[in-house]
Amino acid sequence: MTPLARLLEAALFASARPIPSDTLSQLDPESTPAGVAAALDEIRERYDNEGHGVELVAVSDGWQILTRPEYTEAIERAQLAARPQRLSGAALETLAIVAYRQPIGRLEIEDIRGVGAGAILKSLQERGLVDVTGRGEGMGRPLLYGTTPLFLEHFALRHLGELPRADELTVALRPALPQAS
Amino acid sequence: MTPLARLLEAALFASARPIPSDTLSQLDPESTPAGVAAALDEIRERYDNEGHGVELVAVSDGWQILTRPEYTEAIERAQLAARPQRLSGAALETLAIVAYRQPIGRLEIEDIRGVGAGAILKSLQERGLVDVTGRGEGMGRPLLYGTTPLFLEHFALRHLGELPRADELTVALRPALPQAS
Amino acid sequence: MHNDVAPMHARSAEDAGEHVGFIVELPEFSGPLDLLLSLIRDEQVDIYDIPIARIAEQFLARIHGMRIDDAAEYLEMAARLLRIKAQMLLPRPEGMEAWEDPRAELVRRLLEYQQVREVVDVLERLSDDRRNRFARSYVQVQAEPVDRDDRPFAATLADLFAAVDRVLRQATRPLVHDVIPRALDVDGAMRSIRAVMALRSRAKWGDIVSRDAEPWQILSVLLALLELAKSGELRIAQPKPFASMELSGDTAS
């Protein structure tokens with residue numbers, strides 16, 4: 001490949017968005033519009049003629065390298081399986097409260113976090129990390145939640161006693177506290 | 001290119017992160033590990049021999065397509081992509097100690113560096129470069145830290161064994177630290 | 001091109017040397033050992049035979065002017081150096097073979113730290129190398145998987161601890177548990193059921209009770225339904241056990 005084509009290929013690869021033609025020209029100040037066009041042709045022909053899995057596509061305001069459509073399904077299948085979903089901060093906080101305060105009702109969790117917990121509790125329950133473990137006393141006999149064996153499994157704990165005690169935890173996580181001697 | 005190489009190229013191209021070898025194998029259920037290895041070789045050789053702007057790199061436990069270093073400046077100048085921030089000297093020191101001594105507790109790190117490590121550990125943890133891997137024995141059962149797969153990715157290492165062995169460094173490390181009292 | 005990445009302490013020492021009056025800013029050195037090591041390098045002394053008086057003097061000069069709250073660890077090292085200096089002045093006991101050099105522990109720590117710096121140089125080189133290559137920029141995948149809850153999720157014990165910490169910081173006030181009594185609202189439920197049934201002749205349980213309804217709401221609806229069925233306003237049918245209840249306004253059939 002010509003030097004300009006190599007540069008354009010690297011830039012097109014690194015960019016999340018299509019690159020407008022004039023931005024492509026600016027990559028090499030000595031390039032001409034005709035040179036850029038020729039380099040783009042070179043890349044496109046190479047991708048097409050040598051049977052690459054990607055292609056160079058002109059989109060509305062520029063150029064973009066895209067994977068060929070026939071591979072989309074396989075890629076999506078593999079990536080979705082491989083990319084674990086992160087638990088949100090809110091979910092983790094709720095989980096933490098349940099772990100330390102179980103059995104605990106929804107209202108109490110909401111009281112601690114200051115926001116509604118219904119939807120989060122439900123999604124944690126669907127993931128099998130918390131479950132209803134009983135009912136509280138008093139009006140409405142609220143559902144009480146606790147952590148599940150899957151919770152222990154996920155965090156590689158043998159039992160809940162392996163969680164740090166709440167008082168040693170703040171110390172361990174707070175930055176630059178003077179060390180206890 | 002062979003059909004498998006095209007598929008792998010498309011998948012590697014689409015992914016922002018390295019793809020582990022077994023995920024690559026799963027892309028085509030009929031592929032064999034040897035077949036995948038051959039296809040990866042084919043892609044790498046093509047990129048190298050035909051003068052592409054990108055290259056195939058083995059990193060962490062998988063593979064990744066990266067732009068060649070000579071184009072970085074031009075791409076950054078055109079603001080098509082930005083390099084991640086450099087880690088501070090203190091962060092690198094802490095990482096170095098964790099990488100060589102893992103699992104290791106905060107006090108031991110502070111003993112070696114001669115300064116507090118709480119804030120740095122926390123920020124390294126937030127960046128996903130180190131993580132708590134267990135708890136130590138003794139007073140307070142201190143949290144023990146280790147490096148993550150992202151650490152390998154950040155330094156484009158395949159495994160920790162690619163770092164110089166302790167005895168290859170000019171000064172030999174004594175085998176173990178005395179327990180901090 | 002990567003050779004220009006000098007170890008941080010060497011660079012820092014150069015910078016510090018050019019300045020008049022020595023204002024040592026903390027980030028220049030990553031700690032007292034870093035500063036000490038750079039002094040030893042600058043003075044070109046043997047690390048195994050440190051002229052402790054000279055180095056201690058240099059050390060004190062360097063940390064002079066440092067903001068005191070940043071300097072605790074440096075001051076501790078300065079005190080240590082002065083203590084070693086004093087110990088060196090003590091006469092050695094005659095004929096005793098096992099004289100322990102007061103500097104031994106310091107030398108050990110310096111060597112160990114020196115090794116860390118070597119690894120830092122390696123990491124810095126690797127990191128710069130990697131930073132000079134771009135990966136594919138992340139492109140949002142628009143497809144949402146259908147069975148999202150079967151996917152693995154990424155959260156570590158540390159994430160959990162951090163979450164606990166956040167919670168604890170926020171919840172410093174004592175937890176006073178307010179139980180708000182909620183009366184059942186059967187009349188209200190009857191009104192909503194009538195409203196639904198006015199729009200359609202058939203409805204299901206789920207049309208009347210929202211999925212996140214609270215127990216008192218569910219109970220209210222249940223009682224209201226029984227009330228309406230008793231009065232003949234609607235019919236309740238359940239095609240099979242545990243199936244959703246079907247309601248119809250057509251009480252004649």
Residue selection (most heavy-atom pairs with chain A, distance under 4.5 Å) from Arg77(B), Arg46(B), Glu73(B): Arg46(B)

Partner chain A: residue of Gly53(B), Ala78(B), Ser123(B) with the largest heavy-atom pair count (under 4.5 Å): Gly53(B)

Segment of Ile65(B) engaging chain A (4.5 angstrom heavy-atom cut-off): both

Criterion side-chain contact (heavy atoms from CB on, under 4.5 Å) against Arg6(A), the qualifying member of His52(B), Glu50(B), Arg68(B): Arg68(B)

Heavy-atom contact with chain A under 4.5 Å, split by part of Gln79(B): neither

Contacting region of Glu70(A) [heavy-atom separation from chain B under 4.5 Å]: side chain

Residue of the set Leu160(B), Val59(B), Thr147(B) for which side-chain contact (heavy atoms from CB on, under 4.5 Å) holds with Leu152(B): Leu160(B)

Pair Glu9(B), Tyr47(A): side-chain N/O donor-acceptor within cut-off below 3.5 Å: no

Worked verdict on Leu66(B) versus Phe13(A) for side-chain contact (heavy atoms from CB on, under 4.5 Å): CA-CA 8 Å; Leu66(B) 297 173; Phe13(A) 172 80; 5.6 Å; no

Residues Glu108(A) and Arg101(A) bridged, charged N to O under 4.0 Å: yes

Portion of Arg17(B) that has a non-hydrogen atom of chain A nearer than 4.5 angstrom: neither

